[in-house]
Amino acid sequence: MAGKFEHPRGTFDVLPEDAAKRERLLQEAREIFGLAGYGLVATPIYEETALFERGVGKSTDIVRKEMFTFEDKGGRSLTLRPEGTAPICRAYVEHGMHRWAQPVKLCYAGPFFRHERPQAGRYRQFHQIGAEAIGSDSPLADVEVITLINDLIEELGVPGVELRLGSLGSLDARATYLEELKSHLRAREDELSEDVRARIEINPLRAFDADHEGTQEVMSEAPHLLDFLSEEDAEHFEQVKSYLSAASVEYTIDPTLVRGLDYYTRTIFSFVCDRLEAQAEIGGGGRYDGLIEQLGGPPTPAVGWAAGIERILLALGEEVTSNGMDLFVVVADPDLTTKAVALVSELRHHGLAVEMDLAGRSMKGQFKQADRAGAAHTLILEPGGSASLRDMQTGDQQTVDPKDVVGLIRS
Ligand code: AMP
C-alpha cells in the first residue's frame with residue numbers, strides 16, 4: 001500500500017466545526033471594521049524578499065531566521081509574507097494612497113508564514129486579522145485602532161485579556177536610550193544569555209523579551225525607554241492614555257514592552273490573555289511613523305495592529321456552535337426519495353437551510369442524522385402525499401402541506 005500524507009509540520013487543516021468558529025470571528029471583525037470605516041485590502045501571499053528585509057528589519061528574528069524565501073523561475077527572490085504591515089505600506093505607496101483623504105483606514109485578514117518552532121499557538125502558517133490607519137500622527141488614530149481590537153476581544157468574549165501599553169518614542173530619543181541600554185548590557189555581559197550577548201549591538205531591546213534567568217535579572221535593573229521620551233513624544237503618549245480612558249479602554253503601562261519588528265515608533269501595545277500559556281499574546285501593534293518613507297513613499301505617520309486568529313480561538317476555548325439547519329427532510333418510504341430531492345432543492349431556493357439523508361438510512365437513522373445536523377425541524381414525507389412537521393426541540397408534530405413549510409418555519 002502506498003504511504004499516506006500528512007500536513008507539513010507547523011501547519012494544520014481547518015475542518016468544518018473550526019471553520020464555523022473562524023467565520024464567526026471574521027464576521028464580528030468585519031462588522032467592527034465596517035462601523036469605523038476601515039476598508040478591506042488583500043495583498044499577495046508573497047512579495048519581493050527585499051520588502052521585508054527593509055520593512056521588517058534585518059536584525060529581527062523574522063528576517064534573520066523565519067522567512068520562507070524562494071527563487072522564482074526568473075531568479076527573483078520572493079518570500080511568503082511573514083506579516084501584513086510592510087505589504088500594506090508597499091500597496092499604499094504603489095497606489096499613491098497619500099493622495100487619498102488621510103488617514104487611509106485599512107483592514108485585512110489572511111494567512112501568514114514564519115518558520116518558527118511549532119507549539120501550541122505557534123504555527124508556521126497562521127492567520128491574522130489586522131487594521132492600519134495610515135497618514136495621521138494624531139493620538140486619536142492610535143486610540144481608534146486600539147479600540148477596534150479591544151471591541152473585537154469584548155464582542156467575542158475572550159476571557160482574561162489585558163492591554164499593555166508603552167511608547168518607544170521617536171527615533172532620536174530611542175538612539176540615545178539604546179546607547180544607555182547597550183552600556184548597561186555590556187557592563188554585565190557575562191550574566192546574559194549567549195543569544196542576547198550576540199545581539200547587544202544589533203538589537204538590544206529584545207533582551208527585555210528573554211526567557212533566560214540571568215538576562216531577566218540584568219534587565220530588571222535596565223534603564224527604561226519611557227524615561228527617555230522627548231517632550232513631544234511624552235505628550236503624545238499622555239494623549240493616547242487620556243483618549244483611551246475616554247473610550248473606556250482599560251490598560252496597564254508596561255515600560256519593558258518591546259515588539260519583534262523594527263519599524264515601531266512611539267505607541268506600542270500588546271493584548272495578552274492569561275488563559276494561554278507560553279504564547280500568551282493574542283494581538284499587538286503600534287505606531288510606525290518611518291516605515292512608509294523607508295519603503296520609498298513620502299514621510300507618512302501610521303499606526304496599526306495584527307491579531308492571531310488561532311490564538312483568539314485558543315483563548316475562547318471549546319465553544320460548540322451548531323451549524324444551524326432549519327430543516328431535515330425525512331422519507332418514510334424510499335419511493336418518496338425523488339419527491340424529497342425536489343422539495344429540498346425548492347426549499348433551499350427559498351433560503352432555508354435544508355438537508356436530507358444521502359446514505360439510504362432507515363427512518364430511525366434519518367432522525368438521528370437530523371439530530372446530528374442540528375436541525376430545528378424535520379419534515380416527514382409519508383406515503384399518499386401527506387407530510388408532518390416536527391419541532392425537534394419540543395417534539396410537537398403537526399400534519400402540513402409541504403407547500404406551507406417555508407411560511408411555517410419562518411413564523
Ligand atoms: P506580530 O505580527 O509578530 O506582531 O504578531 C501579531 C499576532 O499574530 C500575535 O499576537 C499572535 O497572536 C499572532 N502570531 C504571530 N506569530 C504567530 C505564529 N507563528 N503562530 C500563530 N500566531 C502567531
Side-chain angles (χ1 to χ4, degrees), residues 7-14 18 21-22 25-26 29 43 45 47 51-52 55-57 59-68 79-89 106-132 145-146 148-150 152-153 156 158 160-166 168 203 205-206 208-209 254 257-265 267-288 291 302-316:
H7 58 74
R9 210 165 113 73
T11 69
F12 51 84
D13 299 311
V14 178
D18 189 19
K21 294 181 193 168
R22 284 164 187 267
L25 188 160
L26 289 173
T43 61
I45 299 292
E47 299 269 359
L51 171 67
F52 301 113
V56 177
S59 67
T60 59
D61 281 351
I62 293 180
V63 172
R64 281 168 71 231
K65 47 190 188 195
E66 295 171 2
M67 297 208 296
F68 283 92
T79 292
L80 297 183
R81 58 183 191 185
E83 60 93 55
T85 302
I88 287 195
C89 291
L106 303 170
C107 60
Y108 62 91
F112 293 85
F113 306 85
R114 293 182 196 173
H115 200 280
E116 300 201 77
R117 192 166 50 81
Q119 51 183 280
R122 190 197 271 174
Y123 313 96
R124 291 182 175 168
Q125 173 172 349
F126 57 100
H127 298 78
Q128 287 184 337
I129 46 174
E132 322 278 355
V145 296
I146 293 174
L148 297 178
I149 171 167
N150 193 68
L152 180 65
I153 288 165
L156 293 170
V158 187
V161 179
E162 180 182 79
L163 164 58
R164 297 186 186 158
L165 189 68
L168 295 176
N203 199 350
L205 279 177
R206 294 301 291 183
F208 282 112
D209 267 357
D254 181 351
L257 193 61
V258 288
R259 299 198 59 72
L261 298 91
D262 271 359
Y263 49 58
Y264 289 114
T265 50
T267 316
I268 50 170
F269 52 91
S270 173
F271 285 82
V272 180
C273 176
D274 65 12
R275 309 297 149 98
L276 298 177
E277 283 163 15
Q279 306 302 318
E281 191 194 82
I282 58 179
R287 188 162 266 292
Y288 49 95
L291 181 58
V303 58
W305 54 265
I309 292 182
E310 289 75 26
R311 298 260 177 100
I312 295 179
L313 294 176
L314 270 176
L316 278 173

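Numbering of ligands and ligand atoms starts at 1, following listing order.
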Q. Among R311, H127, Q128, which residue places a heavy atom closest to atom 6 (C) of ligand 1?
A. Q128

Q: Could you tell me whether a side-chain N or O of R124 sits under 3.5 Å from a main-chain N or O of E116, the two making a donor and an acceptor?
A: yes

Q) Which atoms of ligand 1 are found less than 4.0 Å from any heavy atom of G283? A) 10 (O)

(Q) Measuring only between side-chain heavy atoms, which start at C-beta, is I62 closer than 4.5 Å to F52? (A) no

**Q.** Inter- and intrachain pairs under salt bridge (charged side-chain N to carboxylate O under 4.0 Å, His left out), touching residues 271-288, at least two apart
**A.** D142-R287, R259-E281, R287-D289

Q.
Taking distance alone, with N or O pairs closer than 3.5 Å, would you say A307 contacts ligand 1?
A. no

(Q) Is E310 close enough to touch ligand 1? Criterion: a residue heavy atom under 4.0 Å from a ligand atom. (A) no

Q: Please confirm whether Y123 comes within less than 3.5 Å of ligand 1 when only nitrogen or oxygen atoms on both sides are compared.
A: yes

(Q) I need the atoms of ligand 1 closer than 4.0 Å to a non-hydrogen atom of E116, numbered in the order shown. (A) 16 (N), 17 (C), 18 (C), 19 (N)

Q) Could you walk me through whether F68 and H115 pass the ring pair (Phe, Tyr, Trp, His ring centres under 6.0 Å) check? A) CA-CA 7 Å; F68 283 92; H115 200 280; 5.2 Å; yes

Q: Indicate the ring-plane relationship of F112 and F126, choosing parallel, tilted or perpendicular according to the 30° and 60° boundaries.
A: tilted

Q) For atom 12 (O) of ligand 1, which candidate among T85, I129, T60, I282 provides the closest heavy atom? A) I282

Q.
Please check whether R122 reaches ligand 1 - meaning an N/O of the residue sits under 3.5 Å from an N/O of the ligand, judged on distance alone.
A. no

Q) Can you check whether G121's main-chain N or O pairs, donor with acceptor, with R311's side chain at less than 3.5 Å? A) yes

**Q.** Atom indices of ligand 1, in the order listed, that fall short of 4.0 Å to a heavy atom of A306
**A.** 6 (C), 7 (C)

Q.
Within the 4.0 Å heavy-atom shell around G121, which atoms of ligand 1 are there?
A. 20 (N), 21 (C), 22 (N)

Q.
Do the side chains of K21 and D18 get close enough for a salt bridge, i.e. N-O under 4.0 angstrom?
A. no

Q: Please say whether Y264 places an N or O atom under 3.5 Å from an N or O atom belonging to ligand 1.
A: no

Q.
Quick test of your reading of the model: are E310 and R22 salt-bridged, counting only N-O distances below 4.0 Å?
A. yes

